[in-house]
Each structure stands twice: as structure tokens, then as C-alpha cells.
Amino acid sequence: METVRSAPPGDGAAEALLKELERQVQDVVRASSWWERHGVDCAILALSLLALPAGFLCLRFHNILAFATGITILGVCHYTLTVKGSHLATHSALTESKRWGKILMIFFLEVCTAFSAEFAKFNHVNLHHVYTNVVGLGDSSTWKAPLLNRYVYMFLGPLLVPIVTPLVALEHLRKEEPRTALRTLGFICLGLYSQYWLFMNVSGFKNPSSALACMLLTRSLLAHPYLHVNIFQHIGLPMFSPDKKPRRIHMMTLGVLNLPRQPVLDWAFGHSLISCHVEHHLFPWLSDHMCLKVKPLVSKFLHEKQLPYNEDSYLARLQLFLSRYEEFMVHAPPITELVGVQ
């Protein structure tokens, strides 16, 4: 059991702080245009869709530079649609329409990502966000693979993400209602076959195995930072007991970490998963662009109220996880108790 160095404000003060911060953020949101609230991120996703034909056509040329360009375009666009698009759609941050929100969530998660929309939303929104860093609920333990050593997990494990993702979805379909399971299975097959068909008929591959290899290559292009980001921003930070979890503002400020801005990851994963993860956990309904817009306000507020605002570099987190891999990724985490908060 670990205890916090100094006792944060109690329940009443914590609720008052959160409400004050929410009021300030809501003022910024109300003063923002539709373009800022949703348009910027929708435009990035639309550009990614429009860039796909160029990527497939680049692979028709028997030239190393053209091939590398095509794979890069397809890989970055794939992660923009499957990570940024799926994440925003899961939080209904792309549109204020419930109907379109549902359609977009199914498209990005099932067609593009080959994963179950309902399963993703339940695990991410209902568990991870509600019980951030609460052991056994939202502690990111699903990312752990204790049987793998540190180097295999950190550098070879990410290459399995494109293969494991649809397999996990198929395993979960047995627990879904038949109608939902059939829909999900149909859209997953549609997404995978469509990409295969485009490699064969637009890129001009003659060998099915070559098309499948390119599918795996494009779906693995940013798999390393994708896995790393998911563990760097929560694991190794304070973990809480289910029966003694702190108030929301303490849970989110203690158990979440921001990474520095990085152009490729900002584009493909979105600000809410990279440099604005604290803001995202406090206000999950905000789009990536809005998280970036309120970041200075949130940072200033938390510093003024002497609340944690965790930040670290990608390289520093990588070195930390390699040196303390067993402590973070194999053994059960120590429970942090916030004295005077529960």
C-alpha cells in the first residue's frame, strides 16, 4: 500500500474544484465554432479517406520509393481512421447527432478496425474512463502479457496487434446478441476483404500472399507507438482499490499522463491520446482539437490548485518501462491510498 505524500482536498472540495474547472471549459466550448468543436477532426479523417487511392496507386509502380510512399500513406491513413476515428466516434465527439454517432462508430470500429463497436465502447468508456487506474476495472491490465520478456513485448509484440485485434473481436462475438454479432462479423469481413480487393485490383498484386503481407505491413506501421502510448500514459502511475477509489478529479490527475506533441502521432492518434490525455480523461466528450484548445486552461488551473499534471517524454517512458518492466507489466501494482479523500 502506498500513500500520497500530502492529503489532497476532501470530497466536497474536490467536487467544487471539478465543477469550477468544468464551468471554465464549458465557457470555452460555447465560444467555439462548429469547425473548432468537430470540423477540424472531421476534415482530418476525410483527408485520410481521400488519400487512400493515392496510396494504393503508388504500389502499382515497380519502384522502391513509390512503394515506400504508398505503404506510408496507407499505414498513416489506416491508423488515423482506426485509432483517431474510432476513439472520437466511441466518445461521440465527431457529431452531436446520436444517429450519425452510431453510424460513425460502427464504420470506424468494425469496418476499419475489425473490432466490435459495442465491446470497444463498454471497455473504453464504461470501464477505463469511469474507473481509470482502478485495479481490476480500468487499470489497463488488458495490455499486459506477463509471459513475454521486456524486449519481445516492447519491440516484437506490437507486430501482433493487427492479427490479435480481429481474433479478440471474434472471441467476444459469442457473448453478443445474434443480431449484433452477425452485423459485426459482416462489417469486419467487409472491411478486411475490401482492403484485400483493393491491393489485388488497384495496386495490381498478382499473388494473394503478397497482398496479405502488405495488409499486415500497413496495419503494423504505427503499431509500436500505438501499444507504447496505451501503456505509458497509465501504467506506472498510482493505482487505486475499487472500494477506496478517489474522487474523479484526483483519479484523473494522478492516474493519467501527457506525452509531448509529435506531428505524426498527433495526426494519426489525435491530441487526446498524446499531448492532451489528462484533458481527455477530464472531458472525454471533447474532440481532439478542443482538447488542445483547453489544454492551457486545464494546465494552469491544476497547477494553481496544486493538483498533479503529469507529463513525460516518450523516450523517458520507454527507458523507464524497459528498466522496470517486471514491476509494471508482470507483478500486481501497489495500491495507492489517498489519505482523507475516500
Side-chain angles (χ1 to χ4, degrees), residues 15 18-52 77-113 115-132 138 179-180 183-184 187 191 248-249 251-252 256 258 265-299 301:
E15 286 299 312
L18 185 57
K19 286 181 179 180
E20 182 182 349
L21 180 58
E22 286 177 343
R23 180 186 58 77
Q24 294 182 26
V25 169
Q26 285 283 9
D27 289 342
V28 174
V29 174
R30 280 191 288 267
S32 302
S33 64
W34 176 88
W35 176 254
E36 291 179 301
R37 296 196 310 272
H38 305 294
V40 173
D41 294 295
C42 288
I44 290 172
L45 294 169
L47 286 172
S48 297
L49 282 171
L50 293 172
L52 290 175
C77 290
H78 171 77
Y79 275 87
T80 306
L81 297 172
T82 60
V83 179
K84 179 185 178 72
S86 295
H87 187 231
L88 292 176
T90 300
H91 287 286
S92 302
L94 289 172
T95 176
E96 294 169 13
S97 165
K98 290 185 178 180
R99 181 182 179 185
W100 276 105
K102 176 78 170 180
I103 292 171
L104 291 172
M105 186 174 71
I106 291 173
F107 173 72
F108 287 120
L109 275 159
E110 298 186 355
V111 178
C112 299
T113 311
F115 202 74
S116 166
E118 279 75 14
F119 185 43
K121 184 166 186 175
F122 176 79
N123 276 273
H124 185 71
V125 177
N126 295 10
L127 288 182
H128 176 62
H129 271 270
V130 176
Y131 301 100
T132 300
R179 181 179 177 181
T180 303
R183 183 209 72 201
T184 301
F187 280 128
R248 188 165 178 270
I249 194 167
M251 186 190 300
M252 302 310 175
V256 186
N258 284 345
L265 299 187
D266 285 346
W267 179 275
F269 295 175
H271 301 298
S272 61
L273 289 179
I274 305 299
S275 62
C276 304
H277 205 51
V278 173
E279 290 76 11
H280 169 64
H281 267 262
L282 285 167
F283 308 102
W285 43 273
L286 292 179
S287 64
D288 285 334
H289 182 76
M290 287 305 301
C291 280
L292 186 64
K293 185 174 182 179
V294 303
K295 179 182 173 71
L297 184 155
V298 173
S299 173
F301 181 90

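Just so you know, residue 1 is the first one in the sequence shown, and it goes up from there.
Listed by first then second residue, pairs satisfying salt bridge (charged side-chain N to carboxylate O under 4.0 Å, His left out) with a partner in residues 265-284 read R261-D266, not counting sequence neighbours. Within the structure, every pair that satisfies the salt bridge (charged side-chain N to carboxylate O under 4.0 Å, His left out) test and touches residues 89-101, not counting sequence neighbours, is listed here: R37-E96. Listed by first and then second residue, the salt bridge (charged side-chain N to carboxylate O under 4.0 Å, His left out) pairs that reach into residues 79-94 are D41-K84, K84-D288, sequence neighbours excluded.
When side chains are defined from C-beta on, M252 counts as touching T132, because their heavy atoms get closer than 4.5 Å. Side-chain contact between L265 and Y79 is absent, with no heavy-atom pair separated by less than 4.5 Å. Proximity of F283 to E22: side-chain heavy atoms (C-beta onward) are separated by under 4.5 Å at one or more points. With a 4.5 Å cut-off on side-chain heavy atoms, M290 and V28 count as touching.
In this structure, H38 NE2 and S97 OG are separated by 10.5 Å, a value rounded to the nearest 0.5 Å. Taking OG1 of T180 as the reference point, atom CD1 of I106 lies at 9.0 Å (rounded to 0.5 Å). Atoms SG and CG, from C42 and L88 in turn, are 8.5 Å apart once rounded to the nearest 0.5 Å. Note that the CD1 atom of I103 and the CG atom of L94 stand 12.5 Å from one another [nearest 0.5 Å]. Here the CE atom belonging to M105 is positioned 6.5 Å from the OG1 atom belonging to T90, to the nearest 0.5 angstrom. With rounding to the nearest 0.5 Å, the separation of SG in C291 from CH2 in W285 is 9.0 Å.
With sequence neighbours left out, H277 forms a side-chain contact (heavy atoms from CB on, under 4.5 Å) with Q233, H234, V256, N258, L273, H280, H281. The salt bridge (Lys or Arg N to Asp or Glu O under 4.0 Å) check on R183 picks up E110, E118, with sequence neighbours excluded. Here K293 pairs with E36 under the salt bridge (Lys or Arg N to Asp or Glu O under 4.0 Å) rule; sequence neighbours left out. In this view, N126 satisfies the side-chain hydrogen bond (donor to acceptor under 3.5 Å, both in side chains) rule with no residue, not counting sequence neighbours. Among residues two or more places apart in sequence or in another chain, the salt bridge (Lys or Arg N to Asp or Glu O under 4.0 Å) test is passed with R179 by none. Applying the side-chain contact (heavy atoms from CB on, under 4.5 Å) test to S86 and every residue at least two apart in sequence or in another chain returns F108, L109, T113. For F119, the ring pair (Phe, Tyr, Trp, His ring centres under 6.0 Å) criterion is met by F115, H172, not counting sequence neighbours. Partners of V130 by side-chain contact (heavy atoms from CB on, under 4.5 Å), not counting sequence neighbours: none found. For A51, the side-chain contact (heavy atoms from CB on, under 4.5 Å) partners are I73, C77, not counting sequence neighbours.
Here the shortest heavy-atom pairing between S275 and L292 reads OG-CD1, 4.5 Å. Here the shortest heavy-atom pairing between P284 and R248 reads CD-NH2, 3.6 Å. The minimum heavy-atom distance linking T80 with S48 is given by the pair CG2-OG, 3.2 Å.
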(request) In sequence, state the C-alpha distance, the side-chain angles, and the governing distance for F301 and L282, and then conclude on side-chain contact (heavy atoms from CB on, under 4.5 Å). (result) CA-CA 13 Å; F301 181 90; L282 285 167; over 6 Å; no
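Looking only at distances, no side-chain donor or acceptor of R23 sits under 3.5 Å from a matching main-chain atom of L18. Under a 3.5 Å cut-off, the side chain of S299 and the backbone N or O of K295 do not form any donor-acceptor pair.
Partner of L81 under the side chain to side chain contact (heavy atoms under 4.5 Å, CB included) criterion, out of V111, I44, L49: L49 alone.
Separation of the H124 and H129 ring centroids falls under the 6.0 Å cut-off.
Residue Y131 qualifies as open at atom OH: its count of foreign heavy atoms under 6.0 Å is 12 or below.
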